[in-house]
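Comments concern the structure below.
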Amino acid sequence: MSNGAFFNPEFETLSRSEIDALQLERLQATVRHCYEGSAFYHKRLDGIHVKPSDIRSLEDLRRIPFTTKQDLRDTYPWGIASIPASQCIRLHSSSGTTGNPTVILHSRQDIDQWANAVARCLWMVGCRPEDVFQNMSGYGMFTGGLGFQYGAEKLGMLTVPAAAGNTLRQLKFLTDFGTTVAHAIPSYASRLYEVMEERGIDPRRDLQLRTLVIGAEPHSEDTRRRIEQMLGVKAYNSFGMSEMMGPGVAFECPEQNGLHIWEDYFIVEIVDPVTLEPVPDGEVGELVLTTLNREAMPLLRYRTRDLTRILPGDCPCGRAHKRLDRMKGRSDDMIILKGVNIFPIQIETILMHFDELASDYLITLETLEDNDSMTVQVELKEMFIDDFTKLQALEKEITRQLRDEILITPRVRLVPKGTLPKSEGKAVRVQDLRKQY
Ligand code: AMP
Ligand code: ZN
């Protein structure tokens with residue numbers, strides 16, 4: 001078990017060749033398990049005339065077709081599962097905007113493995129049983145709640161399952177219980193600071209918080225630095241998704257330079273989202289994951305829709321597990337305006353350079369006089385700035401920098417703090433009101 005820097009030294013210190021060997025062994029077992037247990041995969045593999053015994057090398061994985069979110073919807077609720085639902089102890093469901101939601105089943109072993117992965121991540125960034133861990137994310141179907149809960153308990157911290165929202169109560173807990181580690185989505189971390197400011201709470205002076213885990217939604221490096229500075233913490237990026245279990249899939253180490261993806265749990269591929277051919281390390285493409293230790297609902301070559309790249313080179317922390325760059329966004333989030341492809345994160349990166357701006361912004365796409373246009377509303381830090389000339393100059397400078405980045409000239413509107421709609425869950429950054437022709 002845990003020692004020094006590692007929670008699972010036997011897996012975290014594996015060399016590249018040891019990881020490859022373990023992956024092959026687990027891949028073969030997973031494909032066999034899917035073939036024998038899942039009617040869906042049995043048919044898929046028969047369809048391409050591949051038997052589990054045909055998987056002799058890691059390259060053979062590429063013979064297997066991709067699994068998509070649509071496959072999960074088509075087999076709703078659990079037609080892809082490799083064991084009967086009656087042998088499972090939990091399900092998580094994520095609601096899609098269209099069609100059926102997707103459901104992921106978990107056996108007891110899956111829940112244990114998931115808790116282990118989250119504990120491993122938290123341990124990696126210095127969490128220890130003496131810490132007090134406050135989870136400010138939604139519980140219920142959202143995996144950020146129970147996922148971190150079980151992981152933090154497994155590590156042995158005193159856990160405060162505060163759940164999302166109710167900021168004054170969060171602050172009371174942070175103060176009264178001496179919370180040292182917290183988990184929140186990045187948009188909520190910014191909100192928390194705003195309320196602290198209003199209440200005259202200085203996190204460095206009044207709180208013991210030193211580690212923050214932020215994840216579940218895309219955010220820029222500048223947003224992270226800003227959160228760290230505001231709250232006086234180190235903030236670590238946590239990546240996960242319900243289909244792969246939830247949080248615990250990939251996590252930053254103390255180097256804060258890429259997220260180690262646990263390769264004893266997953267095989268990672270990055271593919272060109274159009275040709276679906278692999279791209280070389282260092283190039284951005286769609287993340288495709290194969291689970292290696294799931295019992296209830298293993299997924300083979302699952303297309304995540306998330307866009308990222310593998311960071312080349314070794315990590316000074318000594319873990320050979322590959323590092324993913326912070327997510328660029330999801331292919332479904334990409335805005336196509338006047339034929340130009342834009343990711344909201346590009347806009348956020350520019351906005352967060354400006355000290356005058358708060359963290360909330362909203363991108364609206366609309367059709368004005370038959371022309372598609374983009375408006376970027378962003379909140380000002382001060383409740384009200386009445387120097388009109390200064391505001392105009394600021395708007396102009398933001399517009400110029402955005403145009404240089406996204407090659408389109410948006411209309412920039414600076415709005416007072418607290419004006420833009422807030423959500424308790426993941427922040428909504430884009431609204432598309434364009435006319436569909
Ligand atoms: P869900 O399954 O509802 O928890 O959503 C999972 C999705 O949230 C992922 O596929 C990503 O698009 C997004 N996501 C999760 N963690 C991060 C992160 N650290 N950075 C960017 N996006 C993330
Ligand atoms: Zn590292």
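Whatever order the structure lists ligands and atoms in, that order sets their numbers, starting from 1. Starting from 1, each residue takes its place in the sequence as its number.
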Ionic contact status for Arg323 with Asp314, cut-off 4.0 Å:
no
Can you tell me if Lys426 has a non-hydrogen atom under 4.0 Å from ligand 1?
yes
Would you call the rings of Phe251 and Phe148 parallel, tilted or perpendicular, taking 30° and 60° as the class edges?
tilted
Have a look at Gly147, Pro186, Ala216 and point out the one with the heavy atom closest to atom 17 (C) of ligand 1.
Ala216
I need the Leu357 CG to Met352 CE distance, nearest 0.5 Å.
7.0 Å
Which one of Ile185, Asp306, Ile104 has a non-hydrogen atom at the shortest distance from atom 11 (C) of ligand 1?
Asp306
What are the two closest non-hydrogen atoms of Glu263 and His321, and how far apart are they?
N-ND1, 2.9 Å
Please calculate the SG(Cys253)-the Zn ion (ligand 2)-SG(Cys315) angle and round it to 10 degrees.
110°
Can you tell me how far the CG atom of Leu311 sits from the CZ atom of Arg326, to the nearest 0.5 Å?
10.5 Å
Taking the six-membered ring of Phe66, is NZ or CZ of Arg301 closer than 6.0 Å to its centre and within 45° of its axis?
yes
If you look at His260, which of its N/O/S atoms is nearest to the Zn ion (ligand 2)?
NE2
Please work out whether any backbone atom (N, CA, C, O) or any side-chain heavy atom from C-beta onward of Asn237 is under 4.0 Å from ligand 1, and answer side chain, backbone, both or neither.
side chain
Proximity winner for atom 15 (C) of ligand 1, if only heavy atoms of Gly240, Gly144, Ser137, Pro247 are counted:
Gly240
Report the nearest protein non-hydrogen atom to atom 20 (N) of ligand 1: residue, atom name, distance rounded to 0.1 Å.
Glu217 O, 3.4 Å
Can you see which heavy atom on Arg191 is nearest to which on Ser423, and at what distance?
NH1-O, 4.1 Å
For Arg330, which part has a heavy atom under 4.0 Å from ligand 1: side chain, backbone, both, or neither?
side chain
Test salt bridge (Lys or Arg N to Asp or Glu O under 4.0 Å) on Asp222 and Arg226; report intermediate values, then the result.
CA-CA 6 Å; Asp222 297 87; Arg226 208 178 237 230; over 6 Å; no
Report the nearest protein non-hydrogen atom to atom 1 (P) of ligand 1: residue, atom name, distance rounded to 0.1 Å.
Ser242 OG, 3.5 Å
Atoms of ligand 1, numbered as shown, that sit under 4.0 Å from any heavy atom of Gly215:
19 (N)
